[in-house]
Amino acid sequence: MLTVKNLHASVGDKEILRGINLEVKAGEVHAIMGPNGSGKSTFASVLAGNEKFTVTEGEVTFMGENLLDFSVEDRARKGLFQGFQYPVEIPGVTMANFMKIAVNEQRKFRGEEPLSAGEFLRLMREKSAIVELDAKLTSRAVNEGFSGGEKKKNEIFQMAMLEPKLAVLDETDSGLDIDALRIVATGVTKLHTPENATIVITHYQRLLDYIVPDYVHVLYKGRIIYSGDKTLALKLEKEGYDWLINNQEE
Amino acid sequence: MALLDYLHSIGIDCSSSGEVTLPGGESALLLVNPTKVECGIAEQAEEYFIILHTHTGESRLLIDIAPHAVVRMLHVMLCESDCRVELRQQTGSRCEMTSVIVAGARFDYEADMNGSHASNVLRAAYVIGGQEHARVAVRINHNTADCRSNSLVKGIAGGAAVGEFEGMVYVAPDAQRTDAVQTSRNIEIGGEARIKTKPQLEIYADDVKCSHGATVGQLDSEAVLYMRQRGLSLEQAKRLQVEGFVSDIVYQSGEFGEVLAQELASKLELL
C-alpha cells in the first residue's frame, strides 16, 4: 500500500528526515516511536503533503502511484488520513457542515453521487457512536471549545466518516486521560480492516495495549534505526531509547 | 441576489416599501431604498424593519423609540449607497439590528441612549472586493445611566478593496453603570486589500464597564491545511473559513440567517 524509499525532507535549510525506508501493507498496523525531535510528526506531515516541508530526495508510492505528485487534498481524497496532534479550531464552521463537504468531495473524486441529507445524518450518527462522541458536538463549530479528549475523539470520528485506506495518527494519545485513551484506541481498532492500514505515532506503550502493532519502528534523527514486533514497544517503555541510540552512535 | 430571490419566493414584492407578512406570520415594515424616514415607535410597541438598498442612493432613517418598545432591524446593502441610521432610545427600550453589506457602501449608525435601562445591539458584516471601498461608522452615546450596548462589526476585504471601521462609545458624566462593548474583527484576503479600524471610547463617568477590541488578520493557514487534509480544495477551505467568520452575524437574524449567509457566500466567490 505504502512504500517509502530513502525519504529526505527539510524545512527551510534544515534537514529533518534523512533517509526513511518503510513498507506498509494492507491490514497492517505500524507504530512509530522515538525521542522528541526525531522527525515523527514531520514524517506524518510530509506523507500528508504539508507544503511547509520540502522533499529533497527519495520516493513515496501509495496505492501504486507517486504520492509526492499530489496536493494535500488529492492525497486525502485518495484515502490518506492524517490525525493531527493539535486539531485546529475553525470558528463558525459546524462539524456537520464541514464533514458533509469533506465526505461529498471524496465521493465526487471517486465518481459517486453526493449523499442525501438523510443518508448523511445516518452516517454521522453511526460513526459518532464508534468514538462515543456526543452527538451535540456535530452541531458545534469544528473543535471550538472542545476538550482535549473531544478533539482527539473528533479526529477518529472524522477518520470513521472518511474511511481512509491509510491513516497516519500523530500522537493521537497525547493529552488523553485513561478513559478517553481507551475510547479513542478502541475506535481505531474497530475501524481496522484487512483492506486498510494504520501508522500510529506515539510516545507511550499504553496506546499499543489497545492498538496492537504488527511492527514497531524507532525513528531517530530522521531515520528508522531499529524495527521490531510489538515486544519492542514494551522494551522501550522499560529501558528507554539509550541502548538503541548508543548503538547507533558507535 | 439570494435575498431578493428569497423574498420574492415568499411573496414579498421588493419594488416598493410597505407592510409585509413573513412566513412565520410576523409582520414587518419593508423599506426599499428609503430616502428619508422619520418615525416613532410607541410605548411598549414592537416593530420589525427590513431595510433594503438595491440601488445607488442616499438614505436617512431617524427612529424615536419610546419607553419599553422593542425594535428589530434587518439592514442589507446590496449596492453602493449611503445610509445613515439614527436612533433615540427611551427608558427600557430595546433595539437590535443586523446589517449585511456586500458593496462599497457607506453606513453610519448612531444611537442615543436617552432613557435608563435601554439596550442596543448591532451586528454588522461587510464583504468587499475589487476596487470597492466600504465604510462603517458606529457611534453609541450613553447619555444616561444603566444602559447597555454591544456592537460587533466584521469586515472582509479581498482584491484591492478598502474597508474602514470607525467606532465611538461616548459615556456622559452621569451615565453611571454603563455596560458597553464594541468589537471590530477583520480579515484581509490577499496582499492588496486594506482594512483600517479605529474603535474609540470617550468615558466621563467613573462606574462603567466598557471594552473595545479590534483585530485585522489574514486567513488561518493552519485551518486551511486542516480542511484540505480532509479533502476540501484550497478554495473551499478558504471560503468555508470566511463563511464561518461571519456566521455569528447572520445566524442571529432568525429566519434570514441562511439566505444572508448565501448572499455573503456568493459575494465571497467573486473575491
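All figures in this text were calculated on a predicted structure; none of them were measured in a lab.
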Heavy-atom contact with chain B under 4.5 Å, split by part of [X]:
X: A:N50; value: both
X: A:V142; value: side chain
X: A:P164; value: neither
X: A:D74; value: neither

Residues, nucleotides or ligands: over 12 heavy atoms within 6.0 Å of [X] [atom1]:
X: B:E222; atom1: CD; result: no
X: A:E113; atom1: CD; result: no
X: B:R84; atom1: CZ; result: yes
X: B:E192; atom1: CD; result: no
X: B:E80; atom1: CD; result: no
X: B:R123; atom1: CZ; result: yes

Closest contact, heavy atoms only, A:V93 versus B:L240: CG2-O, 3.2 Å
Top contributor to chain B contacts, counting heavy-atom pairs under 4.5 Å, from A:Q106, A:E89, A:K52, A:Q158: A:Q158
Pairwise distance OH(B:Y251) to OG1(A:T94) - rounded to 0.5 angstrom: 8.0 Å
Separation of A:I101 CD1 from B:Q236 CD (nearest 0.5 Å): 6.0 Å
Among the listed options B:Q241, B:M227, B:E243, the residue most often paired with chain A at heavy-atom distances under 4.5 Å: B:M227
Residue, of B:S233, B:G231, B:A223, B:S221, that accumulates the most heavy atom pairs under 4.5 Å with chain A: B:G231
Could you tell me whether the side chain of [X] and the main chain of [Y] form a donor-acceptor pair under 3.5 Å?
X: A:E105; Y: B:L232; result: no
X: B:Q229; Y: A:G83; result: no
X: B:R228; Y: A:E73; result: no

Geometric class of the B:Y226/A:F84 ring pair [parallel <30°, tilted 30-60°, perpendicular >60°]: perpendicular
